[in-house]
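Here's the structure, in structure tokens; my notes come after.
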Amino acid sequence: VAVECRAADGALLRSFRLDAASATIVAETSWRDGEPRLELRYADYRPTAGTLLPWRISLAYPDRAVTLAIEIERYEVDPALPADLFEPPA
């Protein structure tokens with residue numbers, strides 16, 4: 001399944017490729033002036049805390065020839081947080 005997000009003038013801003021069978025995001029691309037600016041790929045989905053999460057993510061900046069590979073070692077889903085964490089500083 002492919003999904004495209006466009007500006008009011010029709011310019012492509014972001015595109016997604018989804019796996020319909022697993023309801024997961026396979027890839028997403030951010031676009032600028034019709035060229036891919038950032039490409040993300042998600043892989044190795046595993047059941048984690050009741051949902052499928054990607055354990056490998058790759059980022060590519062085509063115009064810079066830069067690629068980054070991320071391998072997740074562990075997820076901490078819905079951890080307990082201190083009550084004052086989001087309070088503005090005094």
Side-chain angles (χ1 to χ4, degrees):
V1 174
V3 176
E4 293 183 343
C5 302
R6 295 183 174 271
D9 66 0
L12 182 60
L13 301 175
R14 183 169 258 168
S15 59
F16 297 88
R17 208 170 68 238
L18 310 171
D19 181 312
S22 63
T24 59
I25 300 172
V26 175
E28 67 179 284
T29 303
S30 293
W31 299 82
R32 183 187 306 137
D33 300 325
E35 298 293 326
R37 184 178 66 82
L38 171 63
E39 299 173 337
L40 294 104
R41 304 285 180 260
Y42 304 95
D44 192 18
Y45 277 88
R46 300 180 208 166
T48 307
T51 191
L52 290 174
L53 295 176
W55 288 76
R56 286 183 310 170
I57 303 168
S58 66
L59 292 83
Y61 295 89
D63 61 338
R64 297 181 185 166
V66 173
T67 302
L68 172 68
I70 300 169
E71 290 191 25
I72 309 296
E73 291 182 3
R74 69 181 173 84
Y75 278 99
E76 187 174 353
V77 178
D78 200 18
L81 301 173
D84 65 348
L85 181 64
F86 299 103
E87 294 293 322

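Because the structure is predicted, anything quoted here is derived from the model rather than measured.
- Ile57 contributes atom CD1, which lies 4.5 Å from atom CD1 of Ile72 (distance to the nearest 0.5 angstrom).
- Within the 4.5 Å cutoff, no side-chain heavy atoms of Leu13 are placed close to those of Trp31.
- Hydrophobic clustering (side-chain heavy atoms under 4.5 Å, transitive across Ile, Leu, Val, Met, Phe, Trp, Tyr) groups Val1 together with Leu40.
- In plain terms, the two heavy atoms of Leu52 and Pro47 that are nearest each other are CD2-N, 3.5 Å.
- Remark: side-chain polar atoms of Asp33 are not paired, donor with acceptor, to backbone N or O of Glu35 under 3.5 angstrom.
- At a threshold of 4.5 Å between side-chain heavy atoms, the hydrophobic network of Ile, Leu, Val, Met, Phe, Trp and Tyr places Trp55 and Tyr42 in one connected group.
- Taking both residues in full, the closest heavy atoms of Leu18 and Val3 are given as CD1-CG2, 3.9 Å, listed atom of the first, atom of the second, then distance.
- Under a cut-off of 6.0 angstrom, the local environment of CZ in Arg6 is crowded, with over 12 non-hydrogen atoms contributed by other residues, nucleotides or ligands.
- Between the side chain of Tyr45 and the main chain of Ile25, a donor-acceptor pair closer than 3.5 Å is present.
- Using a distance-only test at 3.5 Å, with no hydrogens or angles considered, a donor-acceptor pair links the side chain of Tyr75 to the main chain of Pro54.
- Using a 4.5 Å heavy-atom threshold, the side chains of Tyr61 and Leu38 count as touching.
- Going from atom OG1 of Thr67 over to atom CG of Leu59 covers 9.0 Å, rounded to the nearest 0.5 Å.
- Residues Leu68 and Ser58 fail the side-chain proximity criterion, which asks for heavy atoms closer than 4.5 Å.
- Minimum interatomic distance between Arg14 and Ser30 (heavy atoms only, all atoms of both residues): NH2-OG, 3.1 Å.
- Taking CG of Leu53 as the reference point, atom CZ of Arg46 lies at 10.5 Å (rounded to 0.5 Å).
- Between atom CZ of residue Arg74 and atom OG1 of residue Thr48 there is a gap of 12.5 Å, rounded to the nearest 0.5 Å.
- Using a 4.5 Å heavy-atom threshold, the side chains of Arg41 and Thr29 count as touching.
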